[in-house]
Protein chains: 2
Amino acid sequence: MSNLPSSHELDLTSDEIPDIVIGRLPIYLRALNQMASMGREVTSSRELGEYLGMSSAQIRKDLSHFGGFLSGKQGTGYHVETLRNRLQQVLHVDREWPVAIVGAGYLGHALAHYRGFIPRGFRVVAVFDVDADKIGQKIDGMNVMSVDRIAVEIPTQGIQIAMLAVPVEVAQSVANDLIKAGVRAILNYAPINLAVPEGVHVQYIDPVVELQHMTFYLGA
Amino acid sequence: MSNLPSSHELDLTSDEIPDIVIGRLPIYLRALNQMASMGREVTSSRELGEYLGMSSAQIRKDLSHFGGFLSGKQGTGYHVETLRNRLQQVLHVDREWPVAIVGAGYLGHALAHYRGFIPRGFRVVAVFDVDADKIGQKIDGMNVMSVDRIAVEIPTQGIQIAMLAVPVEVAQSVANDLIKAGVRAILNYAPINLAVPEGVHVQYIDPVVELQHMTFYLGA
DNA sequence: CCTTGTGAACTGATTCACAGCT
DNA sequence: AGCTGTGAATCAGTTCACAAGG
């Protein structure tokens, strides 16, 4: 959950587009991927809205922030492939970002083996751990490296994005090391809020937060 | 990301509390856990707000929805343990919810071994998979069962919550089976929007969505 | 008929600012 | 002094509704 107002970079097209809108674009993109894989060539804000459980007006309004470039045709709708490409450009996933994983426990392994990163713009290129037993071990073709090598590997490989899969006790300190080495975006799986300097982006994944959100509604 | 307006159950205390507020309560609870583990006995909306990167007014306003019962003392702040207990009651995690995992791949293993569920209100009690090779295998002391047994195990064990860690192709069909068996809340790790009947809650965890949210700001 | 894109209206969320209590 | 809890004000997000195009 991003509560902190994500610090907006100076991207020409970007500034003044609400963060909440940005947060929905990957969802639209995922839905378009799904439609493309089902052979659908065109769709509409109404169809997309029904599929995602939101209003068609919201989808049109969100997309209108990138005006002109969009492929909406009145009476017809959107060409799936064209809109998909456009959203990939907007989100800067019309390329492949190298990412690092820190923590080679069960979660680190799961992330390293996940086949869903490549087709959506990301490639795991490095795995780090503190544990001497794990260092040197091979995961999905990569050698697990000591966290000591963060300072050299991150800049060398031009890594700007890291996934934190370490125990909560060391999360902040590892995050500090990553940032010092040049990482600008962290996906944090540890159940703790990270303090990071201006310009560094953090997103949180904490299954318990999501479960507790639902148990509220499950009732007494 | 929950775009669908989570259907609000009829819980006496609950209705008319905005879902966005509910979504922040687990974050507050997590911060209080952190403070408790650091030995802090009292805190304030200001301190909590600084820690979480949000305004103190928002925290007070959020907590005010559960008025009267709260432990805020003017001039002093909140007693950490008391507020923690109160939030656990509100979120219904002042008990232990049995949860099922479907999918015994790398992710299923990571979830099954995760030690962070128990102290926060959840216990994994069943793991299912389709793969004949995996069925019968032991994960963290539990036997992996065939998905065919969902229909019997879910009601028998009184499981209302499931975590979906299956390939995207089968996610919807497995979700249908779970719901038919009595599951009312699904934490979906598959990158697809699930269609579920009224009254069933879904939360999504998709790391790529979070990464793409950040790459927007990382720029061209 | 069906669509998109968009200003205007509305709804909802956040912040302000202060009374009241410790 | 420092704090909470809350109405009032402000700000932000969503929906409405329609002009214009297919």
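Chain identifiers are assigned alphabetically (A, B, ...) following the order of the sequence lines, protein sequences preceding nucleic acid strands; residue numbering begins at 1 within each chain. Hydrogens, waters and symmetry mates play no part in the numbers below; they use all other heavy atoms, side chains included. These numbers were taken from a predicted model, which means no experiment stands behind them.
As rounded to whole Å, 12 Å separates atom C1' of D:dG5 from atom NE2 of B:H65. A:E50 places its CD atom 13 Å from the P atom of C:dC2, with the value rounded to the nearest Å. The distance from atom CD of A:Q58 to atom C1' of C:dG12 is 13 Å, rounded to the nearest whole Å. Atom pair A:F66:CZ and C:dT4:C1' shows a separation of 16 Å (rounding to whole Å applied). Whole-Å rounding puts the B:L83 CG to D:dT4 P distance at 10 Å. The nearest whole Å value for the distance from the CZ atom in A:R86 to the P atom in C:dG5 is 12 Å. Rounded to whole angstrom, the span from the CD1 atom of B:I59 across to the P atom of D:dT6 amounts to 16 Å. Here D:dA12 presents its P atom at 15 Å from NZ of A:K61, a figure rounded to the nearest Å.
Remark: B:Y78 is in phosphate contact with D:dG5, judged by side-chain N or O atoms under 4.0 Å from OP1 or OP2. Of the side-chain N and O atoms in A:T76, none sit less than 4.0 angstrom from OP1 or OP2 of D:dG22.
The stretch residues 34-48 of chain B touches DNA chain D through B:S44, B:S45, B:R46, each having a heavy atom under 4.0 angstrom from the strand.
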Between protein and nucleic acid, restricted to nucleotides 17-19 of chain C and to nitrogen or oxygen atoms under 3.5 Å apart, what atom pairs and distances do you find?
residue : atom : partner : partner atom : Å
C:dA17  : N6   : B:R60   : NH2          : 3.3

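The 12-atom threshold is not exceeded at CD of A:E41, counting heavy atoms of other residues, nucleotides or ligands nearer than 6.0 Å.
The side chain to side chain donor-acceptor pair (under 3.5 Å) analysis of residues 97-108 of chain B, with sequence neighbours excluded, yields the pairs A:H113-B:Y106. Listed by first then second residue, pairs satisfying side chain to side chain donor-acceptor pair (under 3.5 Å) with a partner in residues 165-175 of chain B read B:Q172-B:N176, not counting sequence neighbours.
A 4.5 Å side-chain heavy-atom check between A:L187 and A:Y204 finds every atom pair outside the cut-off.
Under the side chain to side chain donor-acceptor pair (under 3.5 Å) criterion, A:S55 pairs with no residue, sequence neighbours left out.
For B:P191 against A:Y114, the heavy-atom pair with the smallest separation is CG-OH, 3.9 Å.
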Only distances under 3.5 Å count here; give the side-chain donor-acceptor pairs of residues 30-38 of chain B to other protein atoms, sequence neighbours excluded, each with its distance to 0.1 Å.
residue : atom : partner : partner atom : Å
B:R30   : NH1  : A:D206  : OD2          : 2.9
B:R30   : NH2  : A:N193  : OD1          : 3.1
B:S37   : OG   : B:Q34   : O            : 2.8

Step by step, would you call A:L164 with A:V174 a side chain to side chain contact (heavy atoms under 4.5 Å, CB included)? CA-CA 8 Å; A:L164 253 195; A:V174 170; 3.5 Å; yes
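A donor and an acceptor atom, one from each side chain of B:R60 and B:S64, are nowhere located under 3.5 Å apart.
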